[in-house]
Protein chains: 2
Amino acid sequence: MRPRISDVARVAGVSTATVSRALSQPELVSEETRALVLQAVEKTGYRLNLAARNLRQNRTGGVLALVPNLANPFFAQILSGIAEVLGPAGYNLLVADTRITDPDTLLEYAEPSRADGLIVLDGGLPAEALRRVPVVMACEWVPALQAPRVKIDNRAAARQAIAHLMALGHRRIGHVRGPRGNVLAEARLAGTREALEEQGLCLDAASLYPGDFSLASGREAALIWLRQDPGLRPTGVFLASDEMACGFMGEVQRQGIAVPGDVSVIGFDDIELIAHISPPLTTIRQPRAEIGRLAARRLLRSLEGGEAACEDELLPVELVLRASTAVPPRA
Amino acid sequence: MRPRISDVARVAGVSTATVSRALSQPELVSEETRALVLQAVEKTGYRLNLAARNLRQNRTGGVLALVPNLANPFFAQILSGIAEVLGPAGYNLLVADTRITDPDTLLEYAEPSRADGLIVLDGGLPAEALRRVPVVMACEWVPALQAPRVKIDNRAAARQAIAHLMALGHRRIGHVRGPRGNVLAEARLAGTREALEEQGLCLDAASLYPGDFSLASGREAALIWLRQDPGLRPTGVFLASDEMACGFMGEVQRQGIAVPGDVSVIGFDDIELIAHISPPLTTIRQPRAEIGRLAARRLLRSLEGGEAACEDELLPVELVLRASTAVPPRA
DNA sequence: CTGAAAGCGCTTACAG
DNA sequence: CTGAAAGCGCTTACAG
């Protein structure tokens with residue numbers, strides 16, 4: 001049997017209260033008592049039972065990250081950033097995949113007795129399920145939920161991408177959007193529209209391709225593009241995710257189209273691999289690990305400080321120029 | 001304040017013991033009592049406090065996954081598989097990054113009061129830290145630790161890759177290895193050696209390139225390869241990870257080398273993106289989600305059954321033929 | 001089938 | 001600075 005605090009107390013010849021204090025708030029205990037206790041801890045091999053402490057203190061010691069799709073590498077770096085902050089702060093990181101979690105289960109997950117706080121990476125969750133513990137939203141956000149948001153300016157980022165294509169001389173510009181209803185997809189689409197309209201251009205229906213952020217949907221968009229009239233189809237395409245950009249570029253290349261010779265391609269996110277494919281992909285870099293770290297810090301503040309500040313945290317993005325964008329082909 | 005079980009008991013006019021039974025083991029309670037209790041639960045809005053139950057039952061309700069590098073997308077799918085099994089079984093999934101966790105902290109993590117069991121994805125951890133709770137190892141393994149291993153036959157997989165290159169007619173074959181000391185890297189290297197030696201070939205020092213599974217190290221290997229005598233350097237290269245294969249291929253392409261025209265490239269893992277780059281990469285597919293699921297099931301069995309079976313679980317791999325391998329160039 | 005009571009292993013007012 | 005005691009919110013032998 002594992003030694004309990006009372007075993008240590010017996011060995012040290014003090015009360016359990018004193019052992020507890022010596023361990024958690026040493027400054028409340030005389031130096032010699034402390035030494036006695038530490039000796040007894042050593043001798044008994046005692047280790048604090050966290051579950052018991054947490055129950056007594058009415059906390060769980062854990063933070064739950066709700067991820068739309070754990071299998072998606074995009075979230076790996078964010079989780080890494082979260083873990084980096086949470087670990088040293090003494091919190092456990094719990095993760096759950098919202099895809100494989102039905103709404104009822106979700107309610108059970110977002111439970112004060114399961115986690116002290118939530119980091120929500122899925123903007124599609126029902127707000128009601130998320131009101132019982134402190135929440136911070138990262139990347140995506142639940143519009144109906146009033147809680148701090150750590151994110152980038154998706155609209156401005158999209159404008160930057162379009163501005164880049166226009167600066168290269170492109171006039172026929174296409175956009176492969178993310179899933180309908182997704183807050184990121186809508187913001188990026190809006191930014192694209194705005195940037196084009198400011199220059200007197202407009203995003204016509206034929207140049208707006210459906211997508212869902214996935215590789216496969218980028219490939220689908222490529223198949224549509226390939227069937228369009230070469231004299232009319234976009235010479236520059238901005239895709240709302242790098243995965244889609246890879247799928248798009250891979251497919252058009254396979255059909256003998258040169259990137260960026262025949263078509264310029266720009267993605268979004270700057271996931272790791274795309275710097276190493278051929279041609280390396282121009283993209284908008286999102287500081288994923290930093291988003292995770294900030295979200296975690298923000299949540300810790302509201303868990304510890306109890307402060308209820310709720311302004312959004314807007315992180316900067318960066319246009320990363322690589323070889324997949326160039327001047328448009330001469331018609 | 002949240003209602004406790006005693007509130008429900010008062011409203012229902014029964015004891016807390018009865019409420020507890022009605023909720024957890026309804027068959028022990030009369031039908032009418034059960035109805036009374038459920039009504040009282042409804043009325044009070046009662047929700048079970050998991051932390052309290054767990055303390056009483058001497059469990060934590062959580063499983064901890066120890067990941068070598070959370071930011072590495074390779075582990076995303078494995079975690080997804082783990083989550084898929086753990087969630088429905090009522091366990092929380094905790095994750096920790098072993099990179100950002102020093103040995104002392106690790107000891108604290110692998111604590112019975114933190115998690116009921118461990119899924120270890122890092123073969124480099126000290127065995128002593130992992131003996132206090134049930135463990136299953138997945139992908140990698142800690143050689144000194146006797147615990148179930150869910151993995152693939154890395155050696156046989158490497159032999160398959162080499163056999164493929166040889167069947168295409170390659171005779172000068174190179175290998176970019178994983179990090180020294182890593183169990184996977186060593187097994188894949190051993191398989192490579194064996195397969196070559198069986199055919200009377202041998203892996204000379206110039207054809208064995210250092211690597212650490214990362215994109216950057218694949219690129220490094222490419223730089224070495226590029227400097228070697230075109231008439232002597234390998235015409236086919238097997239890399240111990242897809243990331244390295246991407247890095248390698250991207251770099252040689254950038255220097256005007258054709259894949260597979262000038263050099264055939266084969267990776268390992270079948271991560272998602274590589275099917276969509278140009279050319280799509282030939283590789284050895286590792287069933288990552290399935291590895292995660294099996295590891296989780298295995299651990300659940302030893303947590304619930306208490307069974308101590310310890311045979312390894314060997315999952316099949318698959319050689320996925322794509323366009324990055326072909327017959328060697330005519331010298 | 002149900003209840004009174006002990007206890008999971010801690011922490012923390014309260015009193016001295 | 002230290003201890004006795006209550007209590008975090010449950011579950012579970014034990015007795016009836």
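To find a chain, count down the sequence lines: A is the first, B the second, and so on, and within it residues start at 1.
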Electrostatic pair B:Glu272-B:Arg288, nearest N-O below 4.0 angstrom:
no
Has the side chain of B:Arg21 got a donor or acceptor atom sitting under 3.5 Å from an opposite partner on the base of C:dG3?
yes
side-chain hydrogen bond (donor to acceptor under 3.5 Å, both in side chains) between B:Thr60 and B:Asn54, worked out:
CA-CA 5 Å; B:Thr60 69; B:Asn54 287 335; over 6 Å; no
When the distance from CD of B:Glu32 to C1' of C:dC1 is rounded to whole Å, what number comes out?
10 Å
Paired and unpaired positions of DNA chain D as dot-bracket, Watson-Crick or G-U wobble under 3.5 Å, | denoting a partner strand:
|||.||||||||.|||
Any A:Thr18 side-chain N or O less than 4.0 Å from OP1/OP2 of D:dG3:
yes
Can a side chain N or O of A:Ser113 be found less than 4.0 Å away from OP1 or OP2 on D:dG9?
no
Below 4.0 Å: OP1/OP2 of D:dT2 and any side-chain N or O of A:Ser30
yes
In this structure, how many angstroms lie between the P atom of C:dT11 and the CG atom of A:Leu23, rounded?
8 Å
Rounded distance in Å - CG (B:Leu55) to C1' (C:dA6):
14 Å
May I ask you to say whether B:Glu290 pairs ionically with B:Arg293, meaning some side-chain N is under 4.0 Å from a carboxylate O?
yes
Starting at atom CG of B:Asn54, determine the distance to atom C1' of C:dC10, rounded to an integer number of angstrom.
15 Å
Selected nucleotide, minimal atom distance to A:Gln57 side chain, candidates C:dT12, D:dG3, D:dT11:
C:dT12
Nearest whole angstrom, please: distance from the C1' of D:dG9 to the CZ of A:Arg59.
17 Å
Close side-chain approach of A:Pro68 to A:Phe75, heavy-atom, < 4.5 Å
yes
Report the distance from atom CG of B:Asp7 to atom C1' of D:dG9, rounded to the nearest whole Å.
11 Å
How would you label the contact of A:Arg34 with the nucleic acid (heavy atoms, under 4.0 Å): base, sugar-phosphate, or nothing?
nothing
Within less than 4.0 Å of OP1 or OP2 of C:dT11, is there a side-chain N or O belonging to A:Gln25?
no
Comparing nearest nucleotides in DNA chain C, the 5'-proximal residue of the pair A:Ser6, B:Glu27 is B:Glu27
Check the phosphate of C:dT11 against A:Ser24, side-chain N and O only, distance under 4.0 Å to OP1 or OP2. Yes or no?
yes
Of the options D:dC10, C:dT12, C:dC10, whose atoms approach the side-chain atoms of B:Leu48 most closely?
D:dC10
Rounded to the Å, how far apart are B:Arg56 CZ and C:dA5 P?
16 Å
Is it the case that B:Thr44 and B:Asp7 place a side-chain donor and acceptor less than 3.5 Å from each other?
no
Write down the atom of A:Met137, the atom of A:Leu145, and the distance for their closest heavy-atom approach.
CE-O, 3.6 Å
Between A:Thr16 and A:Glu31, which is nearer to the 5' end of DNA chain D once each is assigned its nearest nucleotide?
A:Glu31
State whether the number of non-hydrogen atoms from other residues, nucleotides or ligands found under 6.0 Å of B:Arg131 atom CZ is greater than 12.
yes
Please report, rounded to the nearest Å, how far the P atom of C:dC10 is from the CZ atom of A:Arg47.
12 Å
Beyond-backbone contact of B:Leu93 with B:Ile82, side-chain heavy atoms, under 4.5 angstrom:
yes
